[in-house]
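Comments concern the structure below.
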2 protein chains.
Amino acid sequence: MATSPNGRRKPPTIHDVAREAGVSRGTVSRFLNGGHYVSPAARTAVETAIRKTGYVVNRHARSLSTGRSDSVAFLLTEPQEKFFEDPNFNVLLRGCTEHLARHDIPLLLMLASSKDERRRLTRYITSGHVDGVLLVSNHSGDPVAAELRDAGIPLVACGKPLGTASKYSYVAAADRDGAQEMVRHLIAGGRRRIGMVTGPLDAPGGPDRLAGYRDVLTEAGLPHDPTLVVEGDYRRTGGEEAARRLLAQAPDIDAVFVASDLMALGVVNTLQQSGRSVPDDIAVGGFDDSAAATSITPALTTMRQPYDRISAEMVRMLLAQIAGEDTAGVILPTELVVRESA
Amino acid sequence: MATSPNGRRKPPTIHDVAREAGVSRGTVSRFLNGGHYVSPAARTAVETAIRKTGYVVNRHARSLSTGRSDSVAFLLTEPQEKFFEDPNFNVLLRGCTEHLARHDIPLLLMLASSKDERRRLTRYITSGHVDGVLLVSNHSGDPVAAELRDAGIPLVACGKPLGTASKYSYVAAADRDGAQEMVRHLIAGGRRRIGMVTGPLDAPGGPDRLAGYRDVLTEAGLPHDPTLVVEGDYRRTGGEEAARRLLAQAPDIDAVFVASDLMALGVVNTLQQSGRSVPDDIAVGGFDDSAAATSITPALTTMRQPYDRISAEMVRMLLAQIAGEDTAGVILPTELVVRESA
DNA sequence: CTGAAAGCGCTTACAG
DNA sequence: CTGAAAGCGCTTACAG
């Protein structure tokens with residue numbers, strides 16, 4: 001077996017396999033690409049030859065020839081610390097990596113924080129080094145999404161895009177339904193003065209969860225008191241701050257629905273420091289069912305987002321889109337997980 | 001400009017640039033690869049042509065030709081939840097991505113949890129789809145590391161490898177020195193009965209931090225009491241459990257040095273639940289200075305690991321190794337960060 | 001310093 | 001069903 005200068009064995013090529021199997025390189029290639037138009041005899045010969053030579057396709061050659069890269073990007077725009085701090089992000093990244101791995105497709109992690117980085121990556125992506133992108137972004141007016149779409153790059157976003165007629169694929173949780181279910185649960189527990197800490201209202205999910213909260217207030221004949229609603233930022237510290245404001249504006253609350261578990265951690269902490277007992281004085285309901293939910297006492301009652309399904313769907317849709325299918329939106333149901341906090 | 005069926009513009013090739021600049025493709029290529037042997041006149045002509053055409057090199061073609069992929073893998077073996085739960089991991093991943101981006105090198109994130117996955121990825125990597133790997137692993141006997149090394153793949157590990165004469169590059173914090181500094185700090189604060197929660201002793205850093213703790217006990221003339229030492233697993237819950245055991249074995253401790261911030265969170269929690277005040281009854285010192293350190297009350301006194309430098313060094317060393325340099329180990333100093341817990 | 005040409009390892013009409 | 005051949009876009013000795 002050939003050996004290159006650096007000591008690594010030179011890997012076998014399709015030519016080696018063809019020789020070994022006694023067929024042409026074209027036949028080997030056809031076998032590799034679905035096995036159409038190859039006779040049973042040729043097929044077994046090639047199979048044996050591949051096993052014997054330990055052949056693995058050279059992706060660079062294939063990509064050069066096909067124009068496809070067989071890899072996709074996981075693109076993060078805007079404040080990174082935020083994503084990295086959030087367990088949901090980790091779960092999503094892991095899920096996507098795993099689901100792609102099943103298709104033997106590597107995931108390129110790309111972080112676009114600065115404007116410069118964003119330009120560099122956009123160019124990188126649009127110049128074809130990736131077949132599509134899984135987009136995790138927070139802002140509705142994300143310029144990257146628009147640019148990629150305009151360049152015709154297959155793309156699926158996590159979370160329903162807000163902006164104006166943004167026509168790309170997405171997969172999201174049933175935010176409004178989920179919020180409704182949680183608030184109903186709080187009411188069923190006897191709560192009547194229910195506050196809410198929302199996510200940023202310019203980001204996916206934010207407005208929908210707020211709408212769900214309002215739906216149920218109306219449904220239950222409860223008044224809509226604006227002092228009960230405070231906007232947060234999906235961060236823990238944001239939750240603390242929001243709780244302080246809430247307590248100042250509406251000290252008589254007996255429950256609060258928080259639009260993310262991470263913020264809920266902050267809320268619980270602030271409530272406890274203010275001398276309230278959770279859930280005795282104030283019930284707290286979260287959203288996500290992330291690892292954070294069980295990291296505190298009392299354990300958080302929350303709405304589970306089906307992250308594994310979300311990442312699976314994102315991958316499925318992206319691959320479909322790369323294969324030529326049109327865009328679509330997928331909404332996945334959430335599930336109430338009752339623990340101790342509400 | 002040519003347009004392919006899917007509507008994307010067909011990107012310009014080196015051929016277009018050559019024509020535009022009035023030189024040969026070889027000259028353009030030479031310009032692209034360092035500009036050696038190209039006259040000033042040719043250089044400017046090519047520069048202009050590149051700008052005008054918007055040319056971007058096709059990496060697949062380049063890779064096929066050079067045999068290099070110009071991308072590296074960030075490889076995670078073994079229990080993933082653990083890494084994803086740990087803020088340190090996030091910081092490392094982010095740092096490596098950023099430092100690589102400066103060299104225009106994309107990072108492929110690879111997760112090898114199952115044995116199957118491990119085999120698949122090893123094959124993937126050894127067949128040349130990546131020029132080198134940044135390895136983040138926990139176990140000393142990690143088979144992947146050995147396999148990659150045997151295959152001659154450039155590799156740098158995070159943390160000093162323990163195993164038998166494992167000869168690959170690594171970058172690590174000065175664990176032993178750091179541990180010493182922390183324990184000296186505890187002693188300086190008047191503590192005499194100092195417990196320790198170690199990391200897994202079969203993983204990088206584990207034994208060294210324990211050794212540092214022991215060094216200072218000896219140095220201070222304090223007795224070595226085995227009941228003062230408990231092994232943890234770098235997880236929060238592991239910290240809680242360790243603290244319980246410690247409290248049972250040595251209820252009279254007045255300080256504990258915990259080998260990671262995440263575990264320290266658990267330790268503080270358990271101590272508080274047992275009715276001890278931190279730091280009044282028991283001082284707690286962590287290790288890492290991760291985001292976790294400031295997420296609790298009291299804020300954690302800890303040893304800062306220079307994660308940004310660590311990731312920078314990992315990238316630098318990997319690139320050097322890919323360029324042909326021999327392996328090496330780099331040790332970076334830690335720094336005491338005094339907050340409230342000790 | 002520069003051009004012509006071979007070669008990297010695959011895929012894919014094309015002709016049979 | 002199969003082989004021969006062109007082509008994907010680059011790099012790199014080679015000869016000048």
Side-chain angles (χ1 to χ4, degrees), chain A residues 2 4-6 8-47 49-50 53-71 104 127-129 131, chain B residues 2 4-6 8-47 49-50 53-71 104 127-129 131:
Chain A
S4 64
N6 60 40
R8 279 193 231 171
R9 273 193 234 93
K10 195 162 172 216
T13 73
I14 205 174
H15 187 250
D16 300 318
V17 176
R19 186 162 16 115
E20 182 71 35
V23 300
S24 75
R25 291 178 296 150
T27 298
V28 176
S29 181
R30 263 173 240 121
F31 168 84
L32 257 22
N33 292 283
H36 302 307
Y37 300 104
V38 9
S39 64
R43 153 186 295 278
T44 42
V46 172
E47 276 171 344
I50 286 180
T53 55
Y55 172 77
V56 180
V57 70
N58 178 320
R59 289 190 148 199
H60 303 308
R62 173 178 283 176
S63 293
L64 178 57
S65 180
T66 60
R68 281 175 291 111
S69 76
D70 292 316
S71 67
D104 210 37
S127 75
H129 298 320
D131 295 334
Chain B
S4 64
N6 61 39
R8 279 194 232 170
R9 274 194 235 94
K10 195 163 173 216
T13 73
I14 207 174
H15 187 249
D16 299 319
V17 176
R19 186 161 17 114
E20 182 70 36
V23 299
S24 75
R25 292 178 295 150
T27 299
V28 176
S29 181
R30 262 173 242 122
F31 169 83
L32 257 21
N33 292 282
H36 302 306
Y37 302 105
V38 9
S39 64
R43 155 186 293 279
T44 44
V46 172
E47 275 171 345
I50 287 180
T53 55
Y55 173 77
V56 180
V57 70
N58 178 320
R59 293 192 114 134
H60 303 307
R62 172 178 285 176
S63 293
L64 178 57
S65 180
T66 60
R68 280 175 291 110
S69 75
D70 293 316
S71 67
D104 211 39
S127 75
H129 296 321
D131 295 333

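Values below: all heavy atoms of this structure, side chains included; hydrogens, waters and symmetry mates excluded. Below, chains carry the letters A, B, ... as their sequence lines are ordered, and counting in each starts from 1. Fair warning: this is a prediction, and the values are worked out from it, not measured in the lab.
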[X] versus [Y]: any side-chain heavy-atom pair under 4.5 Å?
{"X": "A/Val28", "Y": "A/Val23", "result": "yes"}
{"X": "B/Ser29", "Y": "B/Ile14", "result": "yes"}
{"X": "B/Leu64", "Y": "A/Arg59", "result": "no"}
{"X": "B/Arg62", "Y": "B/Leu32", "result": "yes"}

remark   = With a 4.0 Å cut-off (strictly under) to non-hydrogen atoms of chain B, the first and last hit nts on DNA chain C, 5' to 3', are C/dC1 to C/dG9

inquiry  = Assess the residue pair A/Tyr55 and A/Glu20 against the criterion (side-chain contact (heavy atoms from CB on, under 4.5 Å)); give the C-alpha distance rounded to whole Å, side-chain angles, the decisive distance to 0.1 Å, and a yes or no.
reply    = CA-CA 11 Å; A/Tyr55 172 77; A/Glu20 182 71 35; over 6 Å; no

request  = Check the pair A/Thr53, A/Asp16 against side chain to side chain donor-acceptor pair (under 3.5 Å), reporting the backbone distance first and the verdict last.
outcome  = CA-CA 8 Å; A/Thr53 55; A/Asp16 300 318; over 6 Å; no

Between [N] and [M], how many Å separate the two [atom1] atoms, rounded to a whole number?
{"N": "D/dG16", "M": "D/dT12", "atom1": "C1'", "value": "16 Å"}
{"N": "D/dT2", "M": "D/dA6", "atom1": "P", "value": "22 Å"}
{"N": "D/dG9", "M": "D/dA13", "atom1": "P", "value": "23 Å"}

Working to the nearest 0.5 angstrom, can you tell me the gap between [X] [atom1] and [Y] [atom2]?
{"X": "B/Ser65", "Y": "B/Asn58", "atom1": "OG", "atom2": "CG", "answer": "11.0 Å"}
{"X": "A/Arg68", "Y": "B/His60", "atom1": "CZ", "atom2": "NE2", "answer": "10.5 Å"}
{"X": "B/Tyr37", "Y": "B/Thr27", "atom1": "OH", "atom2": "OG1", "answer": "13.5 Å"}

remark   = Under a 4.0 Å heavy-atom cutoff, the residues of residues 18-32 of chain A touching DNA chain D are A/Val23, A/Ser24, A/Thr27, A/Arg30

remark   = Listed range with range, the stems formed with DNA chain C by at least 3 consecutive Watson-Crick or G-U pairs (under 3.5 Å) are C:1-3 with D:14-16, C:5-12 with D:5-12, C:14-16 with D:1-3

task = Apply side-chain contact (heavy atoms from CB on, under 4.5 Å) to the pair B/Asp131 and B/Asp70, showing each step before the final yes or no.
result = CA-CA 6 Å; B/Asp131 295 333; B/Asp70 293 316; 4.2 Å; yes

